[in-house]
Amino acid sequence: MNDQAKHSVSRRAALQRASIPAALLVAPQLASASTPAIQAAKAKTFVLVHGTWHGGWVWRQVADRLQAQGHRVLTPTATGCGERAHLIRPDTNLTTHVQDVCAVIEAEDAEDVILIGHSFGGLTITGVADRLGNRIAHIAFYDAFIPTRARPAWIMQEADGSWPKWWKDRQAHFIEGYKMNFFAHYPIKMLVPEDDTANIALLKRKLTWHPAGQWIEPVSFASGGWEDRPRTYIHTTLQTFAPSSQAMWGPGREAGWRWIDVPTARNGMLTHPDVVASCFASLG
């Protein structure tokens with residue numbers, strides 16, 4: 001091939017590459033050591049932690065979208081929930097769930113993790129951050145309870161050590177005294193709109209019982225929990241029935257927090273996966 005022909009081929013190849021978005025020229029999972037800048041700018045590691053009665057399955061649509069962007073996504077299911085519902089025991093508690101997530105992070109050698117918890121998964125991610133803080137780059141609470149040193153559990157004991165009456169009354173209806181049943185206490189509109197028939201059918205198939213111990217065991221702040229982490233509160237704005245109160249998100253309005261309003265219902269990962277995935281991708 002003469003010099004003129006070689007120049008023509010090179011020019012044509014350059015024009016072809018110019019028409020392709022730079023982010024798509026090198027897939028993060030295939031990037032070589034010669035492309036660290038592209039890989040670092042593109043890929044993040046997410047660990048998505050479900051809330052009460054759910055499982056890792058609830059994140060599937062969001063995970064698919066994040067993975068399509070080149071990110072790594074882990075969606076562990078806590079003991080006693082989802083496909084692991086059969087493993088529930090009377091002593092299954094918050095420590096169990098924290099260990100479940102920590103074990104996945106460690107087994108997968110995950111570093112610089114963007115750790116996100118939904119609902120009372122906020123307790124779990126706080127415990128994970130307390131234990132594996134060196135691996136957590138950012139912690140985010142998606143319509144989730146933010147525990148504090150003053151309130152380290154959702155259900156707090158009275159001054160005399162007894163449990164609140166409303167909790168004891170509810171506990172009388174738990175399966176075998178410790179398995180919480182969503183449908184015994186809440187309407188489906190707590191999670192998705194009443195006219196969302198597809199997701200209602202999905203939830204009726206998928207929701208499982210949940211260990212009461214995850215709500216009543218205080219989370220550890222021995223190493224600071226979420227306090228020393230870059231942190232975000234993601235507040236849902238389309239929840240019309242029993243929207244999360246200040247008791248859930250109070251600290252998220254304080255200094256040191258990033259606050260994001262997202263137009264989703266409480267289970268926005270089902271109703272608005274594109275919105276939720278875009279929000280998560282902006283973190284870190």
Contacts satisfying ring pair (Phe, Tyr, Trp, His ring centres under 6.0 Å) that involve residues 79-111 (not counting sequence neighbours) are His97-His210

Applied to residues 105-132, the ring pair (Phe, Tyr, Trp, His ring centres under 6.0 Å) test, sequence neighbours excluded, yields His118-Tyr142, Phe120-Trp154, Phe120-Trp215

Can you tell me if Ser244 and Gln239 form a side-chain donor-acceptor pair at under 3.5 Å?
-> no

Q) Considering only heavy atoms from C-beta outward, does the side chain of Thr45 approach that of Glu108 to under 4.5 Å? A) no

In short, salt bridge (charged side-chain N to carboxylate O under 4.0 Å, His left out) pairs touching residues 235-244 with sequence neighbours left out are none

Residues pairing under salt bridge (charged side-chain N to carboxylate O under 4.0 Å, His left out) where one sits in residues 248-276, two or more places apart or in two chains, turn out to be Arg65-Asp274, Asp143-Arg266

Note to self: Please verify the inter-ring angle class for Trp259 with Tyr233; under 30° counts as parallel, over 60° as perpendicular, anything in between as tilted.
What the structure shows: parallel

Besides Leu238, the hydrophobic cluster formed by Ile, Leu, Val, Met, Phe, Trp and Tyr side chains linked at under 4.5 Å, directly or via other members, contains none

Note to self: Could you walk me through whether Val128 and Val113 satisfy the side chain to side chain contact (heavy atoms under 4.5 Å, CB included) test, starting with their C-alpha distance in whole Å, then the side-chain angles of each, then the deciding distance to 0.1 Å, before giving a yes or no?
What the structure shows: CA-CA 11 Å; Val128 173; Val113 169; over 6 Å; no

For Phe241, the ring pair (Phe, Tyr, Trp, His ring centres under 6.0 Å) test, sequence neighbours excluded, returns none

- request: Return yes when atom NZ of Lys168 has more than 12 non-hydrogen atoms of other residues, nucleotides or ligands closer than 6.0 Å, and no otherwise.
  value: yes

* Ring centers of Trp257, Trp249 separated by less than 6.0 Å -> no

